[in-house]
Each structure stands twice: as structure tokens, then as C-alpha cells.
Amino acid sequence: MTRSRQEAEPPLAIDAERAVVGSMLLDPSSAGPVVSRLRPADFVDEGAREVFRVAVDRHRRGEPLDPVLMLREVKPKLGDDSAVIIAGLGESVTTAANAAHYADLVADAALKRRILDAASLALSSASNGHAGAEVLSSLHSFAEDELRTVERQNRVDKFTLGTLVADYPRLNEPIVEGLFRRGETCNVIAASKVGKSWFAYGLALSIISGWHWLGRFPVARGRVLLIDNELHRQTLASRIPTVCEAIGLRVEEVANDLAIWPLRGNLRSLAELAVELESIEPGEYQAIIFDAKYRFAEEGVSENDNSAETRVYNLLDQIAARTQAALVVIHHASKGSQAEKAVTDVGAGAGAQSRATDCHLVLRPHEEDGCAVLDAAVRSFAPVEPVVLRWGFPLWQPAESLDPTALKGSRGKADETRFENDRRDKLTIIDVLRKSEKPLTNRELRPLTPFGKDKINRLLDQLQFEGAVSSDEVTKRGNVCHEYRLTDDSDE
């Protein structure tokens, strides 16, 4: 506090103030998240403040934010310039997609001004004979009031169906039609060394060029950010031009539209990366690709920890909402054959990695060498038909003549019968463990099931591999054995 309040430049966000009001005029559905975040007193620009006040009042009364109707209400305060001011605000933005971000900028600048005012008053009081305890108490009360306001703004949003539909009348714009939208997350899952990164390069270049991805999925053209933590810079500089050449793009055509953050040797956790991503303007990128997920993990955190995976995808959701991009996360498949697994069970780790995402894309080996089946589970589109892709360096391309149901490792009829029997018998063991008040050993399970020792061991091994059951080594009556219990994912 070495400078006086008069010498300090007050924090301002005039452009953001105008953009907030302009967004509301352009798309009244953007008013919902804004009116709960801001007050007219948060605005410095007189025109934006008065039009915002009228817009909030009309929104709360359920009346349209019609500039012609609003003109009558703002004219007493803004005079003959009212029409020009409203028109200027309406032209200050071309999209309302970033209204919430503009509101955050306005609220933050207003809070900083209030902090400076409180500090200036405290400085004046302390310099003019007020007791230190009195000055400190005043500062403490101010801080408590502001923190309560921040906490109130961060509470759970609550709607009626009517207000929800009114505030959010449309789905977000598709980035890849049929698969994922702006602000959504997408997993790309395949076994190691299959070609997931090459697959992602093709996706990125399709979005940049505006060409249908894989010849079948329309895209929203725009810039893409690739965050890579596996490859050397020289490798990236070689690989991507190779893909450009293969699909008929000149590097110069995409050079400024594909941003690349190479992190090998300078790794960042997802939480650390989120701070770096704050510098990105909302809407700057159509998609942000994270390659690969396992290297963005916090040190010491396991991908098999369901609560940790839930936190990862919650953070991804926050990044997607702030950047207004679709997030594409490259991830590896679980071990073993993928042929008999559901699409959402192919990714390695806890179940949250598939349940928390909006689009789960998987590449599984086809029975024909060099081919894979692309399948998807999507949240905001109709179900997607699987398609066979053929790998021909450096591209994955559709192989329309091949049967997408012919996955490598699919079971024959005898195997199918055994699989169904094992599935039924595993449910019997799960039911016994669910009803038990304590973990059970193999010996304790036998009288509660119709199975012998060897079969119970085999089924328990499968259940552990699938993540439905966990075990602890214990000593009972001098013998070392294992006690089995259900995991949190056993009901999935």
C-alpha cells in the first residue's frame, strides 16, 4: 500500500461490459447465466450499465429483450443517444457463446475495484487516528461479505423446466456431426502402438480444412490445438506434414491453424495445464487434443481410482466450458481381447473414464490384418453405426466392404456358451458377496454357491480382472488366504 488510491489505475473491463450486454441482445438465452453473476453496479460504462439493468428487469419479468421495446425504458437515463448506444452494444459481438466468460471478466474487475476502495478507506482511517482494531474489523467485515457473495455465485444452479428450456433452447454446435459438440469431451481409445496419434492428426486436419472426417462425418471448420506429451518436437515436425501430404493439403494452408504444445521433457499435470489454458480466448479453437491421457495424471494417482478419474473429467468439463472447445483425449485400451467388451468397457482404468465423457470412440482390431473397427458411444446424438478402417501409412481410411461385426478374437459358439454360463455364475458370486456382511474367502463362498473350489477361483480371477471384486491377503487358522469383497464398480 505504498501508492495512494488516487495514483492507481482502477481495474476496468469496458470491452467485456459491452460484450456481455451485446451477447444478451444478440441471444436472449445467454441472459440466464449472466444475471445471476452480475449487478448493474459492476458496470463502469454508463450505457452498458443502464441497458443491462433494463435487460435484467425484463428477463426476470419474462419479457423479450427487444431493442425497440427496451429503448423506451433506457431513454430517461441515456437521453437522445439511447438508440445509438443500444445499436452499438448489439454490434459489439458476433456470437453470444462467450457471454459467461465476459461476465466473469466484468465481475472480477468490479471485485478488484471494491478491494481497492476498501484498502484506500482503511489506509485513510489508519492515517487519521482510527484505532488499528477498528480498521482491521472493518476490513474483516468487508472480506467476509465479499467471500459470501463469491460463494453464493458458485452455488449449484437451480431451474424449473420452464426456465431451463428458456435459458438453453438449443444444443451446442456440433464440432464433428454425429459424435461430439462444442464444450463436450471425447475419448479416443485403442491399444498401444495401433495408431491413435495418427488417427488424431487426421481428425485435426479435417477440422482445420473443413473436410468430412473419414469421408463421412461433417465438421465445423476452425483452429485446433494439439497438446502432445509423448513425442519429440522433431517427430511432430515430421509426422504432421506427412499426413498433410497424404490427404492433399499443403503445410502452408494449415500452418497457422494447428497450434502445438510439445510437453515431452517438460510434463504438466492436467491441473497445471488448466492454468496455461486460461490464456486461451473462448472459441479460439474448435477442438483441443490431449495426447496422451496417462501422462497428464497427477503424480501418485492411479487411473484405476474411480474418484480420481471423476475429478479428471470434472476438470476437463471445466476446461471445455471455459475454452468453448471440444476436448479430445487420447487414451489406451485395457489389456486382453477387446472383441467381447462393450464400447464403454474398452478403455483402461476406472469406469468413470467412459461414463463421464460425452463421446467414447474405440478402435478394436478387425479379423483382417491392418484393419480396425471404429465404434462409438455418444451422448447427444443418435447411435453411431460402426465402420471398418484400414491402416495405410500415414492414414486410417474407411474399408466399406468389410463386416464391422467381424472383430478379431470373437468367440465361436462353444466359447459363447461358456461365456454366458460364466457371466451367470459370476452374478451368483456377486450376489453372495453383496448379501454378506463381511468379506469372504474361497472356503467360505463354497457352501453358499453350487461351485467347487477351482471354479470359484477361476470366476474370482475374472471378477478381479474386470474390477468388480477386490481381495486382501489374510491369515486364518495359520493359513494364508484371500478375502474377497465387491468394489464400487460391481454394479456397472
Side-chain angles (χ1 to χ4, degrees), residues 23 27-30 32-33 95-101 156-189 199-200 202-204 206-207 210-225 282-290 293 309-331 342-347 351-363 373-387 404 492:
S23 297
D27 182 359
S29 69
S30 67
T95 174
N98 305 322
H101 175 63
V156 173
D157 291 335
K158 299 172 183 176
F159 300 89
T160 64
L161 176 60
T163 57
L164 185 66
V165 171
D167 288 349
Y168 301 95
R170 293 182 297 275
L171 289 167
N172 286 350
E173 168 199 15
I175 298 301
V176 177
E177 184 70 47
L179 296 179
F180 54 84
R181 302 175 183 275
R182 184 179 304 282
E184 292 188 344
T185 56
C186 169
N187 289 337
V188 173
I189 312 288
F199 184 78
L203 169 62
S206 292
I207 293 173
W211 297 349
H212 282 29
W213 183 43
L214 301 172
R216 63 167 49 201
F217 298 107
V219 302
R221 186 174 184 177
R223 302 185 71 219
V224 175
L225 169 61
E284 183 175 349
Y285 298 107
Q286 298 287 60
I288 302 175
I289 299 172
F290 297 81
K293 175 176 173 285
E309 285 293 278
T310 300
R311 290 194 297 273
V312 165
Y313 281 88
N314 189 49
L315 181 54
L316 286 169
D317 284 340
Q318 293 172 15
I319 294 171
R322 210 206 65 74
T323 62
Q324 289 295 296
L327 306 189
V328 179
V329 181
I330 311 300
H331 186 40
V343 171
T344 53
D345 291 336
V346 171
Q353 56 85 26
S354 63
R355 293 191 292 270
T357 194
D358 300 292
C359 175
H360 198 68
L361 288 177
V362 301
L363 281 171
V373 177
L374 174 65
D375 209 346
V378 294
R379 179 162 284 155
S380 62
F381 292 95
V384 179
E385 291 295 323
V387 60
E492 298 299 332

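Since this is a predicted model, take the numbers as computed values, not measurements.
In terms of heavy atoms, S354 sits closest to H360 at CB-CE1, 3.6 Å. Closest approach of V373 to P386, counting heavy atoms only: CG1-CB, 4.0 Å. Taking each heavy atom of I207 and A287 in turn, the nearest pair found is CD1-CB, 4.0 Å. Taking all atoms of both residues into account, the shortest heavy-atom contact from A204 to I289 is CB-CD1, 3.8 Å. Nearest heavy-atom pair across K293 and V329 is CB-CG1, 3.6 Å. The shortest non-hydrogen separation linking L361 to A376 is CD2-CB, 3.4 Å.
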Exercise for the section: Apply the test ring pair (Phe, Tyr, Trp, His ring centres under 6.0 Å) to residues W211 and F217: give CA-CA distance (whole Å), side-chain angles for both, the deciding distance (0.1 Å), then the verdict. Expected result: CA-CA 9 Å; W211 297 349; F217 298 107; over 10 Å; no
Problem - R223 vs E284, salt bridge (Lys or Arg N to Asp or Glu O under 4.0 Å): CA-CA, chis, key distance, verdict - result: CA-CA 7 Å; R223 302 185 71 219; E284 183 175 349; 3.3 Å; yes
Handout entry: T160/L164 under side-chain contact (heavy atoms from CB on, under 4.5 Å): CA gap, chis, key distance, verdict
Key = CA-CA 6 Å; T160 64; L164 185 66; over 6 Å; no
Practice task
Go through the steps for L374 and V362 under the test side-chain contact (heavy atoms from CB on, under 4.5 Å), then give the verdict.
Solution key: CA-CA 6 Å; L374 174 65; V362 301; over 6 Å; no
Handout entry: L179 and V384: CA distance, side-chain angles, deciding distance, side-chain contact (heavy atoms from CB on, under 4.5 Å) verdict
Key = CA-CA 8 Å; L179 296 179; V384 179; 3.9 Å; yes
Practice task
Starting from the C-alpha separation in whole Å, work towards a yes-or-no answer on salt bridge (Lys or Arg N to Asp or Glu O under 4.0 Å) for R216 and E385.
Solution key: CA-CA 11 Å; R216 63 167 49 201; E385 291 295 323; over 6 Å; no
Problem - Intermediate values then yes/no, side-chain contact (heavy atoms from CB on, under 4.5 Å), Q353 and H331 - result: CA-CA 9 Å; Q353 56 85 26; H331 186 40; 3.7 Å; yes
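Annotation: side chain of V328 is not in contact with side chain of F290 (no heavy-atom distance under 4.5 Å). For the pair E173 and R181, the minimum side-chain heavy-atom distance is 4.5 Å or more.
Put simply, CD1 on I319 and CD1 on I288 are 7.5 Å apart, with the number rounded to the nearest 0.5 Å. Note that CG of L327 and CZ of F180 are 9.5 Å apart. Values are rounded to the nearest 0.5 Å. Note that CD1 of I175 is 11.5 Å distant from SG of C186, once rounded to the nearest 0.5 Å. Summarising the geometry, atom CD belonging to E184 is positioned 8.0 Å from atom SG belonging to C359; distances are rounded to the nearest 0.5 Å. The CH2 atom of W213 lies 5.0 Å from the CG atom of L203; values are rounded to the nearest 0.5 Å.
Distance alone, capped at 3.5 Å, is enough to place a donor-acceptor pair between the T357 side chain and the T185 backbone. In terms of modelled atom types and a separation under 3.5 Å, the side chain of Q324 and the main chain of A321 share a donor-acceptor contact. Looking at T163, its side chain never comes within 3.5 Å of a backbone N or O of F159 through a donor-acceptor pair. Side chain of S23 to backbone of A96: no donor-acceptor contact under 3.5 angstrom is found.
Figure legend: R355 and Y313 shown without cation-pi pairing, the cationic atom not lying both under 6.0 angstrom from the six-membered ring centre and within 45 degrees of its axis.
When the salt bridge (Lys or Arg N to Asp or Glu O under 4.0 Å) test is applied to D317, no partner is found at least two apart in sequence or on another chain. By the salt bridge (Lys or Arg N to Asp or Glu O under 4.0 Å) test, D167 is found to be paired with no residue, residues two or more places apart in sequence or in another chain being considered.
Side-chain contact annotation: Q286 with R182, donor-acceptor N/O pair under 3.5 Å present.
More than 12 heavy-atom neighbours from other residues, nucleotides or ligands sit within 6.0 angstrom of CD on Q318.
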